[in-house]
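Structure, as structure tokens:
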Amino acid sequence: MTKILVDGVEVDVPPELTLLQACEAAGAEIPRFCYHERLSIAGNCRMCLIEVKVGGKSGPKPVASCAQQVRDLPPPRDNVLNELVTKSDTVKKARNGVMEFLLINHPLDCPICDQGGECDLQDQAVAYGRGGSRFDENKRAVEEKFMGPLVKTAMTRCIQCTRCIRFVTEVAGASELGATGRGEDMEITTYLEASLTSELSANVIDLCPVGALTSKPYAFNARPWELSKTNTVDVMDALGANIRVDARGDTVLRVLPRVNDEINEEWISDKTRYAEDGLSRQRLDRPFIREDGKLRPASWAEALDAAAKALSGDPARIGAIAGDLACAESMKATRDLFRALGSPNTDCRADGALIGGGARQSYLFNSTVAGIDEADAILIIGANPRLESPVLNARIRKAWLRGAEIAYIGEAIDLSYPYAHLGASLGDVKDRGGVAEKLKAAQRPMLIVGMGALTRADSAAVLHTIGALAASAVLVREGWNGFNVLHTVAARVAGLDMGFLPGAGGKSAREMLQGGMDALFLLGVDEAALPKAGTVIYLGTHGDAGAHRADIILPGAAYTEKDATWVNTEGRVQYGRRATFPKGEAKEDWTILRALSAVLDKTLPYDTLGDLRAKMIAEHPTFGQVDYAPGATALAGFDPATMGAAGDVSNAPLRSPITDFYLTNPIARASKTMAECSRMKAGAMKVAAE
């Protein structure tokens, strides 16, 4: 630690801190435009100028506090500590001058700028700028750039802070932005004026400190003070990114990231941000019953009576499957209802994944998301983290930048960072012992298994082989568990935690979907081939595949329309909160199941959400550990070598189940923005192939 003075106050700070960070540690406010704590230092804007006094004497000129570390300061002289001055007349004059230069060419269009009210340039111009401009020459103008369907440009406003360039290059790993020209002719643009292709591209909107890059779908829709803001959790993948939902009335207008260093840092994927228009389109807003081959609107009483009649038959021939976006409360109510009916046929693995039923560590991302920052050797098997969880993939890229070695088994893909491709299938990997030895020699080895390895016909043998590899590499060791499962859907871990699996003698989802059931209850199942025979009851939000096949439709609430519990891929329990109310006559899922249980004369023992959560926590204590990732705290009883079953492993390539990142669930498929992104991505891939 190093002792310094900041505006006369003595502080003790680590020597690796920048002067800017040291000043803020002492409570001083330092304005900045180009500096960002998660990006490399550019020193472009000079807004963070401060005075440095050595031996009580100021240097010849102010210094950029972002570009110098505390350790770079000269030794104290005459027993006087080095001092950082942030409020002197010299500093004030310097900041006035910098702000005047920044505003020389900036257009006076704040009233029509979408950044208005949330603009760093506005705020700092008021706090640190002059009252007027002395620049009489004509302002420059810059042509707008095309960056795709998500990012709207007004490059005349750009102050060349280069945050966008550094993010796209360093974090997203797609070198698609750069600067051309010098001085007043400098412009930020995409190479060959092409669209941004990264799944994280829209984070540049949050990073832009002015109105040069704004949201194209959100353009001119609302002002920030018109919106109600709700902190909740994302369900577009299994990461559980922390988000803020901004709504006006009953419409969600935008989704923004919240800072959580243990999960998503401050990034979100483009699907998380822009699938929100799908919440208002193709919605199920009333119950329906199929008669004479056509669905007709029905009252709630009619629909519940019809569903109760369908579920009143032989318990062995009725079943329930939970879909990808089912919350923990709805799965708990469904499981309790079907157990009360005497049916053992329940499953949350609509994709047929071979996982669950054993130790909790066998299906979690045990190293935790933040643990990726410590990894020095990573082996990925049957996963495409770039499509399955783009923010987590950015963490892996950060580990690679830090020096971690990355190897990959599966179909060759672009992960935004280089890796050693060991083969397309486990059968191609001849020297497994060498792989195991490399992992064993690492200090913090990680093995990441994806659903591409766990949803195949030979998944039992694949899992057994992977478990043997994990055991021989000693991935589970004191203080570290390097065995990780990367889930692709938000509902899966909660379902496995509460045992939403086949009971004694019960059928799996794969077996139920093959037919032979009199009645099948689908809790938002849209990503599976549904049987043509039997009565299908669909509880969901959108008119997607499940609703098209359904005989009875019960309209539920989307993730932004209910208070719900979610468990992410690392086993972290998080609460989502309601931002708007369900559409039309739709209800929260658990309340529908509670009403259905009363019609079936199997009334569930909870009348409020609090009662339901209390029962869920009492029976499954992990749901009470809110915002806690177990990590390597409970290693006892977990031996990866016991997973799966011995058998022959096919040489078929391991492929991720996600082929189109933008259209993975009913909400995304209902989104016009996601459809446009999918179309442009397909076009770009076709051009690249040609």
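Note that this is a predicted model, so its numbers are computed, not measured.
- Ion pairing between a basic and an acidic side chain is recognised when a charged N comes within 4.0 Å of a carboxylate O; E619 and K332 show such pairing.
- In terms of heavy atoms, A453 sits closest to I381 at CB-O, 4.3 Å.
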Evaluate the criterion side-chain contact (heavy atoms from CB on, under 4.5 Å) for residue pair L19 and L73; output intermediate values, then yes/no. CA-CA 9 Å; L19 301 187; L73 294 173; 4.1 Å; yes

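- Considering every non-hydrogen atom in both P445 and A442, the closest pair reads CD-O, 3.8 Å.
- The minimum heavy-atom distance between R492 and C348, with the atom names listed, is NE-O, 3.2 Å.
- When side chains are defined from C-beta on, T197 counts as touching E176, because their heavy atoms get closer than 4.5 Å.
- In terms of modelled atom types and a separation under 3.5 Å, the side chain of N484 and the main chain of G482 share a donor-acceptor contact.
- Distance check, rounded to the nearest 0.5 Å: NZ of K507 to CG of L513 gives 11.0 Å.
- Applying the side chain to side chain donor-acceptor pair (under 3.5 Å) definition to pairs two or more places apart or across chains, those involving residues 405-414 are R386-D414, E411-R655.
- To the nearest 0.5 Å, atom CG of residue N203 and atom CZ of residue R163 are 12.5 Å apart.
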Decide side-chain contact (heavy atoms from CB on, under 4.5 Å) for R166 and L207; before the verdict, give the C-alpha distance in whole Å, the side-chain angles of both, and the deciding distance to 0.1 Å. CA-CA 10 Å; R166 285 175 284 149; L207 289 170; over 6 Å; no

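- From I372, atom CD1 reaches atom CD1 of I448 across 5.5 Å, with rounding to the nearest 0.5 Å.
- Shortest non-hydrogen contact noted between R510 and R456 is NH1-O, 4.2 Å.
- Just one residue in the list K271, M236, M674 forms a side chain to side chain contact (heavy atoms under 4.5 Å, CB included) with T664, and that residue is K271.
- Heavy-atom minimum distance, D497 versus V567: OD2-CG1, 3.8 Å.
- Using a 4.5 Å heavy-atom cutoff, the side chains of D458 and D648 are not in contact.
- When side chains are defined from C-beta on, L415 counts as touching I380, because their heavy atoms get closer than 4.5 Å.
- The pair D206-R273 meets the salt-bridge criterion, with a side-chain N (NZ, NE, NH1 or NH2) lying under 4.0 Å from an Asp/Glu carboxylate O.
- Once rounded to the nearest 0.5 Å, the distance linking CG of L447 with CG of L439 reads 6.5 Å.
- Across G357 and L501, no two heavy atoms sit closer than the pair N-CD1, 3.6 Å.
- Between N242 and Q574, the side chains place a donor N or O and an acceptor N or O closer than 3.5 Å (distance only, hydrogens not considered).
- At least one side-chain heavy atom of L200 sits under 4.5 Å from a side-chain heavy atom of F167.
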Stepwise, does the side-chain contact (heavy atoms from CB on, under 4.5 Å) test hold for D270 with C677? CA-CA 9 Å; D270 293 347; C677 289; 5.9 Å; no

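- Side-chain contact between R38 and W267 is present, with heavy atoms from C-beta onward closer than 4.5 Å.
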Going through the checks in order, is the side-chain contact (heavy atoms from CB on, under 4.5 Å) test met by Y559 and L325? CA-CA 8 Å; Y559 75 103; L325 302 182; over 6 Å; no

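- Between R258 and N264, the side chains place no donor N or O within less than 3.5 Å of an acceptor N or O (distance only, hydrogens not considered).
- By the 30° and 60° cut-offs, the orientation of the rings of Y363 relative to H487 is perpendicular.
- Using a 4.5 Å heavy-atom cutoff, the side chains of E276 and T560 are not in contact.
- When side chains are defined from C-beta on, W480 counts as touching R444, because their heavy atoms get closer than 4.5 Å.
- A donor and an acceptor atom, one from each side chain of E570 and N568, are located under 3.5 Å apart.
- Neither side chain, D351 nor T455, offers a donor N or O lying under 3.5 Å from an acceptor on the other.
- Checked against ring-ring contact (aromatic ring centres under 6.0 Å, His included), Y662 has no partners two or more places apart in sequence or in another chain.
- For the pair P502/R349, a side-chain contact is recorded, criterion being any heavy-atom separation below 4.5 Å from C-beta on.
- Within the model, atoms CG of L150 and CG of L213 stand 12.0 Å from one another, a figure rounded to the nearest 0.5 Å.
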